[in-house]
There are 2 protein chains.
Amino acid sequence: MSTIRDVGKMAGVSIATVSRVINKSGYVKQETEKTILQAMQALNYEPDPIARSLAGKSTRTIALVVPDILNPFFPEIAKAVEKEASRLGYTVILCNTDNSLDKEERYFQVFEQKRIDGVILASYTLGAVQIKKWQKKIPIVVIDNRFPQHPTIVSIISHNRTGAHLVVNHLLEQGCRKIAHICGPMGVYSAKERYMGYEDICKDQDWFSPHLIVQGDFQIKESYQATIGLFKRHPDVDGIFAGNDIMAVGALKALVAMGMSVPDEVKLVGFDGISIPLVVPELTTVAQPIGEMGALAMHHLVELIHKRPLASHVQVLDVRLIIKESSTTRASKEFVT
Amino acid sequence: MSTIRDVGKMAGVSIATVSRVINKSGYVKQETEKTILQAMQALNYEPDPIARSLAGKSTRTIALVVPDILNPFFPEIAKAVEKEASRLGYTVILCNTDNSLDKEERYFQVFEQKRIDGVILASYTLGAVQIKKWQKKIPIVVIDNRFPQHPTIVSIISHNRTGAHLVVNHLLEQGCRKIAHICGPMGVYSAKERYMGYEDICKDQDWFSPHLIVQGDFQIKESYQATIGLFKRHPDVDGIFAGNDIMAVGALKALVAMGMSVPDEVKLVGFDGISIPLVVPELTTVAQPIGEMGALAMHHLVELIHKRPLASHVQVLDVRLIIKESSTTRASKEFVT
DNA sequence: ATGAAAGCGCTAACAG
DNA sequence: CTGTTAGCGCTTTCAT
């Protein structure tokens with residue numbers, strides 16, 4: 001591996017000048033620049049990122065923190081973030097927290113130590129106060145969560161409440177007369193918004209009862225149990241809005257176990273729009289623009305890193321209802337070839 | 001942030017001595033060490049990893065290369081790798097290649113440049129020759145693949161052929177009389193082994209025909225099409241062994257689309273044992289010890305990094321058949337609470 | 001427009 | 001056992 005000194009020597013200039021052309025900083029005569037560029041080519045020179053980091057500041061590395069990489073939502077985020085990062089010349093380190101505050105704290109310490117340039121944070125455990133604390137030391141973009149009381153926290157989120165409206169209206173159109181909701185953790189903004197969206201529309205229906213809302217935790221298992229419990233109390237539920245796709249899977253499994261058919265007896269809708277078709281029948285869901293969220297998060301993070309002002313700290317993206325089999329009256333059996 | 005010099009000053013010793021205690025290298029008087037440790041505490045000193053990397057060699061960073069982070073198999077690997085890496089004080093950078101040779105090459109160039117300590121490589125596109133080329137520059141552990149012709153390539157894989165035997169025998173026991181196989185890319189060792197395992201047992205059955213083997217590519221979509229095609233030619237197939245879980249999902253969707261019931265008319269088995277329950281009915285599958293594979297890969301990689309000899313270059317792990325609903329005659333409907 | 005020189009914070013001979 | 005010193009490869013004033 002050749003160094004900046006080799007290039008300087010070959011081009012007959014000082015390393016300072018070489019550095020200038022590497023960084024496109026300061027003035028360099030066209031001609032000199034050309035000579036240097038040629039020398040770089042000839043020597044197959046690549047600036048050493050570690051030395052640059054030590055001398056300068058940036059490590060061109062960002063961290064992606066997710067609560068549970070096994071939930072397909074996060075691989076999709078990861079894919080988008082990584083793609084965009086790669087495009088921008090950044091490297092992504094992956095951090096799985098298992099929803100543990102402790103791990104999150106430890107990671108952030110590592111980030112500071114390793115001089116990570118920025119963090120894309122998906123967390124339902126870390127509070128606004130902690131985030132703001134770390135934010136002083138390192139740029140952070142929050143994804144799929146927000147803190148309305150703390151508008152200085154940059155976040156990317158989608159229209160959860162509107163999405164919930166889409167779900168409930170769709171279910172009503174499909175003829176449902178008793179729609180239940182399996183909600184996510186109420187401490188989580190997006191879960192709460194989805195819940196409120198459900199309530200917005202349902203609370204005025206004559207069949208409505210608060211008992212139709214059961215608590216999940218964004219995991220399959222809990223949702224399975226919740227669904228079983230729900231039907232013990234309300235065997236006549238004919239529509240379920242699950243707070244995310246994973247919980248919809250749990251609900252579906254419960255329904256099948258109880259011998260109920262989807263969508264004939266109960267219609268089921270999820271939320272997230274994860275692209276891997278999890279179940280048969282395929283799930284109707286509200287698709288968040290996951291790829292866009294990841295790319296946008298990366299984009300905003302870079303703006304933060306360069307201390308450029310952001311047009312808005314909170315970006316709310318549109319969602320759309322993807323209607324599949326789990327919520328529509330079964331059509332004639334056809335199959336695509 | 002305090003530096004090694006601050007610590008030296010405070011403890012009244014040279015930076016060399018401080019460095020010695022940091023690295024536990026060379027001799028340091030007990031007493032001196034204590035003083036230094038105290039100074040480190042007092043100053044809240046943390047050695048700068050970047051400076052260490054520049055002066056020394058290791059970056060304590062490894063790369064995890066996966067072909068498709070959306071396939072749930074890889075998040076499971078990622079989780080295990082990251083967990084073990086984190087435990088060992090390593091950071092993991094995530095690289096998604098979309099099965100593109102080009103991207104893989106580019107990533108390896110970045111690894112070299114960034115002085116990544118090692119790579120855990122899941123790839124079905126990179127050939128043994130390329131791997132050996134890179135291996136000269138950077139330690140590599142291959143996961144879920146192997147190159148029998150090139151025993152110097154360290155790899156972690158499981159008993160795919162045996163797993164396939166388990167599947168076929170199980171299907172036969174369940175009364176299947178015509179078992180098809182949706183295989184993965186024949187260039188991929190594990191896919192081939194699974195295929196051979198299938199063939200080992202099936203080729204002597206009176207119903208056997210090579211046309212019962214259809215080509216998939218480890219993706220849902222292709223598998224769906226393959227299944228449709230298969231049944232056009234062989235409507236009497238009553239058992240399917242899919243080369244991985246994702247393809248089993250594709251097959252299931254096709255079967256449902258064609259109006260066939262699983263497991264009543266056709267029994268279906270996958271391979272991988274991904275932990276997220278993908279479909280209803282739940283999939284019978286051959287579980288690879290995914291977590292163990294990830295952890296072991298990380299472990300071996302660290303051995304390579306430290307140039308310690310490996311007991312064996314190729315480690316083959318046991319698999320086990322997980323019997324679920326997709327392959328067993330439907331039992332009476334009970335549900336767990 | 002270019003160069004000289006002083007670091008960034010640490011490791012690793014080498015010398016005592 | 002400990003200190004001195006020379007880098008690692010680059011960025012960045014400060015001169016010229």
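Given the structure is predicted, the values throughout are model-derived calculations rather than measurements. Below, read A as the first sequence line, B as the second, and so on, with proteins coming before strands; counting in each chain starts at 1.
By the side-chain hydrogen bond (donor to acceptor under 3.5 Å, both in side chains) test, B:Q315 is found to be paired with B:H300, residues two or more places apart in sequence or in another chain being considered. A search for side-chain hydrogen bond (donor to acceptor under 3.5 Å, both in side chains) contacts involving A:R106 returns A:D102, not counting sequence neighbours. Residues forming a side-chain hydrogen bond (donor to acceptor under 3.5 Å, both in side chains) with A:E84 (at least two apart in sequence, or on another chain): A:R87. A:T3 pairs by the side-chain hydrogen bond (donor to acceptor under 3.5 Å, both in side chains) definition with nothing, not counting sequence neighbours. A search for salt bridge (charged side-chain N to carboxylate O under 4.0 Å, His left out) contacts involving A:D272 returns A:R194, not counting sequence neighbours.
Comparing the axis of the opening five pairs of the helix from C:dA1-D:dT16 to C:dG16-D:dC1 with that of the closing five pairs yields an angle of 40°, rounded to 10°.
Mapping heavy-atom proximity under 4.0 Å, the span of DNA chain C touched by chain A runs 5' to 3' from C:dA1 to C:dG9.
Listed by first and then second residue, the salt bridge (Lys or Arg N to Asp or Glu O under 4.0 Å) pairs that reach into residues 292-313 of chain B are B:E303-B:R308, sequence neighbours excluded. Sequence neighbours left out, the pairs with a member in residues 71-82 of chain A that pass salt bridge (Lys or Arg N to Asp or Glu O under 4.0 Å) are A:K79-B:D98. For the salt bridge (Lys or Arg N to Asp or Glu O under 4.0 Å) condition, the pairs that include at least one residue of residues 124-139 of chain B, sequence neighbours left out, are B:E105-B:K133, B:E112-B:K137. Sorted by first and then second residue, the salt bridge (Lys or Arg N to Asp or Glu O under 4.0 Å) pairs with a member in residues 34-49 of chain B read A:R115-B:D48; sequence neighbours excluded.
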message = One character per nucleotide, please: for nucleotides 5-16 of chain D, 5' to 3', B when the base has a protein heavy atom closer than 4.0 Å, S when only the sugar-phosphate does, - otherwise.
response = --BBBBBB----
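Crowding of B:K9 atom NZ: a count of heavy atoms from other residues, nucleotides or ligands under 6.0 Å not exceeding 12.
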